[in-house]
Amino acid sequence: MEDIGEEKIRVLLIEDEKEVAELYKLKLTLDGYEVMLAEGGQEGLDKAFTLKPELIFLDIKMPEMDGFEVLKKLREGQKTKDIPVVILSNFDEQDMVEKGLTLGANEYLIKSQFTPEEISRKVRDWVQED
Amino acid sequence: MTSQKRTYNKNKINWKSRSRKNTANVPKTYDKLGRQVGDRSIGLSEVKAQLEQESSERKQVELELKKAHEELEAKVRQRTTELTKTNKALQEYIRERLKVEKTLLESEKRYRSLFEDSPISLWEEDFSKVKQYFDLLRRKGIKKFRSYFDSNPKAVYECASRVKVINVNNATLKFYKAKNNKELLKNLEMVFDEESYITFREELIALANGKTVFEAEATNKTLKGEKRFVAIKVIVSPGYEDTLSKVFVSIIDLTHHKQVEEALFTSEKKYSTLVEKSNDGIIIIQDGVLKFVNQKSAEITGFSINEAIGRPFISFVSPKCRELVLERYRRRLNGESVPDRYDIEILAKDGRKIPVEVSASLIEHEGKLADMAILRDITDRKEAEKALRDSEEHYRTLVETSPDAITVTDLKGNIIMTNKKAAKLFGFKSIEEISLGGLNAFDFIIPEERDKALENARKTLKTGRIKRVDYTMVRKDGTTFPGNLNASLIRDEKGKPKAFIRIARDITERKEAERILEEEKNKMDVLFKTTKEGLALYDMEHRVVDVNPALKRLFGVKRNIIGVKREDISDNRNKYFKNKLDRFDDSLKTQQEVYSGKTVSNVLMKVLSKPPRYLEGNYVPIKRRDGKVVGMSASFRDVTVLKNQAEKIAQHLLEVEKQKNRVQALFENVEESAYIFDKNLKIISANDACEIMVGSTEKELIGKNYYKSFGCHDRNGHYYPEFDPVAKVVTSKESVPYDEHLHMNKEGKERWVGVSYTPFLNERGDVEQILSIARDITTIKELEKSKSEFVSLASHELRTPLTVINGYLSLLLSGDLGSLDKEQTRSSFLAVLNKVKHETERLTNLVGDLLNVSRIEEGRLKLSFRKVPIVETIDEVISEFKPMAAIKGVRVKVSHNISKREGILYVMADKDKLKQVFVNLLDNAVKFTESGGEIITEYSVENGQIFIQIKDTGIGIPPNMLPRIFEKFQQAGGSFLKENKGTGLGLFIVKSLVESHKGRIWVDSKVGKGTTFSFTIPLLAAK
């Protein structure tokens, strides 16, 4: 899977749960993506604006600024409004899902129902198609 | 019909010959029948003779009366003279007494001589002991002296004995036949007889009531025992009113006066009886006015005796007679001879003119000349005379104008008189044609029936009357018709038969009617036999005349009852009826009522057959034309079905009523708000719970719109914009079992309400009213919300370690992490497995906490309380915890001020749970404290409690989070979405556990400085 010489696809992972972040970073890195990690909402926003990732994985339950607020701001920002955002959360309530999609998320995934492999595949789905 | 028109030519010939022959036989008079048919002059003379006879009888009575009256007059005159004499004497006495009384008041000295010399009996008496007696009675509470003395004759005697006679004058000695003063200077008893006490009682009552003068007529007796009538006057001497110690009594002898009066009274009584009982009015006129009037005169005139006496007599005379009367009155008084008997008219009180016969005579009345007149009401006589004059004419008119055909014949049937109707009936042109024809009444009957007619005439002669005999009658032209004849016999004054009056009627129509009735009856007979209604006819003696088959069937009649008396049937029902019969009335009373002319309806009877049947009876009297009851008809209807239905309905209604009451009670008492409103949403009824929910009383709610009153609305304030449950109920006619909505109460607070709607249908099946039952579910809603939030958070928390575990396991399995065989990958495998283990532990803790929370919330957390030494337990926990804290680089310190001398402090606790409280709090403290920080556990005894504080130097809790810190999943740091390392349930569990140990827990915190958790546990009293 390693494409030497080619520039790596950059993925921003906004996730405060350390263990979860490490798991996904491990897999995505193994799959050859450049993974940028943000442990909170504000950090994630900042990194999204400066590092311009090609895909953002966004957690919802975070201290200080939750995922919905981050998403809202991403969609408001000129530079970030077109970046695909995949929400990764363990909340499966319908109104949360709807809220996420309404705010402009491209997909809403329940973490515990997906393997790291499946999560990683989402990058290909949203970025490498074209 | 043709037979009735048959012609009898033979008779036609006979008419004329008879007519000539009989002309001479028309009689002219009928003496006693004068009033009906007779000659006027004869009738009049007869009456006159009778009147004259009566008149002479009356004269006799008057003579007797006059004689009696004259005798009486003489007596009265004599007595009157005597009475006048005594009156004069009395007047003098009274004058004398007045003089004495006057003087008495003027001067004591003059009084003395006057007293002694007065011709009147005078007494001086001392009543002071009587006065004392009165005072005694008053002290006893007696206020009504009249009733007291009336009911206590002994008290009267007592008082009489208490009177002390002080002085009497000479006249007194003489009057009472006393020899000297001493005989009288005692008390009053020696001059009192039984009657005296009656007057004395009155005197006492007067004195007791404060009167100072008393006057009365009384009886006394002399010392010799002779009875004396006296007029007494008692005067309390002026100045002695308070003591009554000097009372002055004057006595006048009335004995002679009384005797005269009594004698007069007796003789007058005799006389007046005669006068009063007279059937004639008797009056006495003197000086032109009425001096005396007896009862009969009063009756005639309508004036009462009192009204009449004293009035000018002429005002009682009718104006047209006044001149005559006055003239005769004057002439009679002048001694001239005038007719003493004449008829005049007098005026009654009501203005009627009454004819009277007057006989007047001159008498002496009270010493003067007077006119006594005897009046006799001759109205009847005058009327009789007038009637007599009118009667023949009247009779003739009667006969002539009668709607009946009347013929008067002699005993042989020769026609004396007839009327137009008769002429017409028998085909004549005029009355004259018959009268002049000299016809015989038998000629009007067909020859075949003449023997029958003769026979009936003989019967009439015997019995005086024969009624409604049917004949075939013949007209002048020989045609016939069915007729009916009534005949009566007329007798002369000696009772000898004189003539017949015959009234004939054409009964063609009646005959026809009878035929029709007969036909009807035949038709009815079929009905009688076939109707389902039981019918019975009874005669006058209550005997069964007929019953129809239906009746026999209804009553189960088992033997003949025709001709049996109803009473007998009633007494022996089992003899006549197959089944027992219960009547819900008094059979005999019902019968009595019917036979007295009333209809009795709806009498209920129960035939005790299997199954029982109910009959309803109606009893109707059968009346003759004159109203006399001659029988009874009874009809009976089987009302079993009706009755059963009625019973079922009644039962049902009762059930409904009970149900209604139950529902009403339920309606009033349920906690839920219950409304009843119509389909236009107008509230009809609301229970008490409504008041609580919406804040308006039932009174305020009634008539209001249900939705508006209830405050039902959506988030935009619309009343049921999308779903109108009432409209659904109305259209579907089915209930809406549950609907939730927001409503605003009176204070504008938003509440969640769960409502059910039930329609009440009317008899057409349309919705008439709707019952809504509403329950405030706000709390339930809130609970539901927090529950679902809790579940949402709990599952999120559970999924997080699972995500990590699953993720690493899948990486391991997929070979992403390389092969287990390879040495170089083994270390990364170990790292992954450690992570998995860590997450598994986290999961285990979480599940444990969730279970505890669940137990706590459901009250299922079981604690086993024991006596626990608290200080030792704290030391234990701290020493166990120290190594863990050390790993993170946090120091743990303990500080307390409890000396060993205080002995061991115990608490009642579940030791494991108590340790968990410490562990959780210490865990938290470590978690939020940076490496190098410090945790201090302090404890002390305060107010019988152990007071423990766990202080950290951690990040602190923002003030807005502090109030919710002990709630589930409410860790400090922001919204519920904020991450932290714990389960988020620890503090909730801690608080619950402290509280189950009867302790309290609270928190103080400053951001950046640290947090202190404080809690207390009650100590067991040291022993």
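Below, chain A is the first sequence line, B the second, and so on; all start at residue 1.
- Annotation: the span from B/I805 atom CD1 to A/E19 atom CD amounts to 10.5 Å, rounded to 0.5 Å.
- In the displayed structure, B/E784 atom CD is contacted under 6.0 Å by more than 12 heavy atoms of other residues, nucleotides or ligands.
- Remark: A/R10 CZ is packed, more than 12 non-hydrogen atoms of other residues, nucleotides or ligands lying under 6.0 Å away.
- B/K835 NZ to A/K18 NZ: the interatomic distance, rounded to the nearest 0.5 Å, is 8.5 Å.
- Ranked by heavy-atom pairs under 4.5 Å with chain B, the first of A/I119, A/V20, A/D92, A/T115 is A/D92.
- Inter-residue side-chain proximity for A/L23 and B/L811 is flagged as met; some heavy-atom pair is nearer than 4.5 Å.
- The main-chain N or O of A/S112 is never found under 3.5 Å from a side-chain atom of B/R799 such that the two would form a donor-acceptor pair.
- To the nearest 0.5 Å, atom OG1 of residue B/T800 and atom NZ of residue A/K111 are 5.5 Å apart.
- Of the atoms belonging to B/S792, heavy atoms from both backbone and side chain fall under 4.5 Å from chain A.
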Can you list the steps and then say if B/D816 with A/L26 is a side-chain contact (heavy atoms from CB on, under 4.5 Å)?
CA-CA 10 Å; B/D816 272 341; A/L26 176 62; over 6 Å; no
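- A/Y24 touches chain B through its side chain: at least one heavy atom from C-beta onward sits under 4.5 Å away, while N, CA, C and O do not.
- Considering all non-hydrogen atoms of both residues, B/S810 and A/P116 come closest at OG-CD, 3.0 Å.
- Only the side chain of A/E93 comes within less than 4.5 Å of a heavy atom in chain B; its backbone stays farther off.
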